[in-house]
2 protein chains.
Amino acid sequence: MAYRRTTKMATRLAATRERIADAALSLVARGGYGAADVTAIAAEAGVSTGLLYRYFPSKADLFDEVFQRASQREIDACTAAASLPGNSRERLARVVETFARRALRGRRLAWALLAEPVDPLIEADRVRFREPYRAIFAGIIRRGIESGEVAPQDARTVAAGMVGAIAEALLGPLSEPPHPDDEDTLIATVTRLCVQSLGQKPESTIR
Amino acid sequence: MAYRRTTKMATRLAATRERIADAALSLVARGGYGAADVTAIAAEAGVSTGLLYRYFPSKADLFDEVFQRASQREIDACTAAASLPGNSRERLARVVETFARRALRGRRLAWALLAEPVDPLIEADRVRFREPYRAIFAGIIRRGIESGEVAPQDARTVAAGMVGAIAEALLGPLSEPPHPDDEDTLIATVTRLCVQSLGQKPESTIR
DNA sequence: CAAAAAAATGAAAAGTGGTTCACTTCTTTT
DNA sequence: AAAAGAAGTGAACCACTTTTCATTTTTTTG
C-alpha cells in the first residue's frame, strides 16, 4: 500500500533539492542570471523542469534559497573577520578586506549578488543580501562610538554608505578580467576609504 | 506629389518624439520601469505602439534617450555645484549635498535611475548614468591632490566609492515616504562621510 | 509480487512584452 | 481636388520563460 516517509527516501529527496539549488548557484556563478532559466537549471541538476516545481513553488522561491546560501557563506566570513580582536578601525579594515578579496576571487558570483540586473521577482533578495553587511558594519561603528574611538554618528547610514562604496568601487574591476597586481592596491584604497569615512578619533577634535 | 519636409511638419514630428520621451519618463517617475512597457508609454503619449517604433528603433533606444535627459538635468546641477569657488572639501561637500537633496526630492525617479531593477536591455544606461558623477568627483579629488589639499590616492576608485556610498545610503530613505526632519541629518551624514573619506590634509600626516 | 502512492517526466499551455506590418488617415503638392 | 507620400494605427506575431498536468517510472508496503 502507501508508503511512509522512510529515512532513505527523505535523504534522497533532500539530495535532489540540494542538487537543484546547487545547479542554480553554479549557473549563476558561471554565466549570471541570464544563464539561469528554469530549463537550464533543471538540465544542470539532471532533473525535469516539472520536478523542480515539486521542490520549489516558483523560480523566485528557488532563488530565495540559492541567494540565501551564497550570501550566508560570505556573511559568515565577514562576521568571523569582524569578531577577531582589535580596535574598531582595525576590525572594520579587516571586514572590508575580507569582503573585497572574496568578491574579487568569485567575480562572477559577486557581480550576480551585488549588481547584475535580475528580474524584479528576485530583486528583493538582493536588497536583503546587503542588509547583513550593513549590520556588521553598523555593529563595529556602534561599538567604536561606545568605546570613544569613533565620533558619534548615524551608524546605520554610515554603514550603508560603506556597503555601497565597496560595492561600487569593486563593480568596474569585477566585470573585468582579473588584474592581480592592481587588486591589492584596489583593496587597500577601498579599505582606507571606509576607515577614513569614520572620521578622526574624537580626542583630536575636542576643543 | 511627394512632400518635402516643411518646418511645420518637422516641428510636429519633433513634438511627437518629445511626447513619447516625456511619457516614458513620466511613467518611470511615477511607477518605475515596471509601469513603463511600450504599450503604456504609447498610451500615455497618446500614440500607437507602432508609431513609437517610427521614432525609436527599439525600447532600449528610447530609454537611452529618456535616461540621458533625466540624468543630464541632475548632472548639470552637480556640475554647477562643483564649479562654484572653494577648496576641494567645500566643493565636494556641495556636490554631495546637491545630489542628495535632489534625489530625495524626486524620490521615485531617483530610485529608478539609481537602483530599481530593470531588464538587462536597459541596464547599460544605469552604468552610464553613474559615470558622470564619478567623473565630477574624480575631478574634484584630482584637483585637491594637485593643490596639496588632499593626499595622493586613486581618484577614480575613491570617486566610485563616493557615488556608491551616496546611492546606498539614500536607497532606504528613497523608498520610504518623505521624512523632512530626518532629511537634513541624513544629507549631513552622507556629506561628512564623503568628505572624510578623502582623508586628512597631507600637512598633518607629514612626518 | 501486486497494489498504492509518491517521484519524475516533458511536452504543451499560459503569460509576458517587444516588435512588425498591412492598412487607414492625414498632409502636401501640383 | 486628385495623386503621392508620409504619419499613424493596432492587432497579430514572435521569442522567450515560467508553470502546469496527464502520463510514466520508481519505490514502498502488505
Side-chain angles (χ1 to χ4, degrees), chain A residues 1-21 23-24 27-28 31-66 117-123 125, chain B residues 1-21 23-24 27-28 31-66 116-125:
Chain A
M1 226 186 273
Y3 78 61
R4 214 166 297 248
R5 262 215 168 15
T6 66
T7 39
K8 188 178 169 187
M9 200 64 210
T11 306
R12 200 180 103 197
L13 290 180
T16 302
R17 189 186 173 84
E18 196 80 8
R19 280 226 315 287
I20 295 171
L27 282 174
V28 169
Y33 284 106
D37 55 285
V38 290
T39 315
I41 295 168
E44 174 86 7
V47 302
S48 60
T49 58
L51 191 60
L52 188 152
Y53 279 85
R54 286 192 157 271
Y55 288 88
F56 301 92
S58 75
K59 191 190 180 184
D61 286 88
L62 165 59
F63 270 90
D64 251 28
E65 187 164 326
V66 168
V118 284
D119 64 299
L121 206 64
I122 290 163
E123 180 66 11
D125 292 319
Chain B
M1 227 186 276
Y3 75 59
R4 217 165 296 252
R5 267 225 164 6
T6 65
T7 38
K8 188 178 171 187
M9 200 63 210
T11 306
R12 198 180 104 197
L13 289 181
T16 302
R17 189 187 172 83
E18 196 80 8
R19 279 225 316 287
I20 294 171
L27 281 174
V28 168
Y33 285 106
D37 54 284
V38 290
T39 317
I41 295 169
E44 175 85 9
V47 302
S48 61
T49 58
L51 191 60
L52 188 151
Y53 279 85
R54 286 191 159 274
Y55 287 87
F56 301 91
S58 73
K59 191 190 180 186
D61 286 270
L62 165 58
F63 271 90
D64 252 26
E65 186 162 329
V66 168
E116 190 182 0
V118 285
D119 64 299
L121 206 65
I122 291 162
E123 180 65 11
D125 292 319

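Quick note on labels: first sequence line is chain A, next is B, and so on, each numbered from 1.
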Need to verify one output field. Residue with the more 5' nearest nucleotide on DNA chain D, A/T39 or A/G50?
A/T39

OP1 or OP2 of C/dA7 versus the side-chain N and O atoms of A/Y55: is any pair under 4.0 Å?
no

Determine whether A/V47 and A/I20 make a side-chain contact, defined as any pair of heavy atoms from C-beta on separated by less than 4.5 Å.
yes

From C-beta outward on A/S48, which listed nucleotide comes closest to its side chain: D/dT19, D/dA11, C/dT9?
C/dT9

Rounded to the Å, how far apart are A/L62 CG and D/dT17 P?
16 Å

Would you kindly give the CZ-to-C1' distance between B/R54 and C/dC26, to the nearest whole Å?
13 Å

Nucleotide nearest A/V47 when distance is taken to its side chain, options D/dT18, C/dT19, C/dT9
C/dT9

I need the CD1-C1' distance between B/I20 and C/dG18, as an integer number of Å.
15 Å

Please give, in whole Å, the distance from C/dA7 C1' to A/R19 CZ?
13 Å

By nearest atom, which of the nucleotides D/dT18, C/dT19, D/dG8 is closest to the B/K59 side chain?
C/dT19

Residue closer to the 5' end of DNA chain D, B/G46 versus A/T49 (nearest nucleotide):
B/G46

Which atom of A/A40 lies closest to which atom of A/A35, heavy atoms considered:
CB-O, 3.6 Å

Can you tell me how far P of C/dG17 sits from CG of B/L52, to the nearest Å?
16 Å

How close do A/V66 and A/A21 get, counting heavy atoms only, and between which atoms?
CG2-O, 3.7 Å

Flag side-chain contact, heavy atom, 4.5 Å: B/L62 against B/Y55:
no

OP1 or OP2 of C/dT20 versus the side-chain N and O atoms of B/Y53: is any pair under 4.0 Å?
no

How close or far is atom C1' of D/dT18 from atom CD1 of A/I41, stated in whole angstroms?
11 Å

Test item: A/V38 and A/F56 side chains (from C-beta on) under 4.5 Å apart, heavy atoms
no

Length of the line joining A/D37:CG and C/dT16:P, which is rounded to integer Å
18 Å

Atom pair distance, as rounded to whole Å: CG in A/L51 and C1' in D/dT19:
14 Å

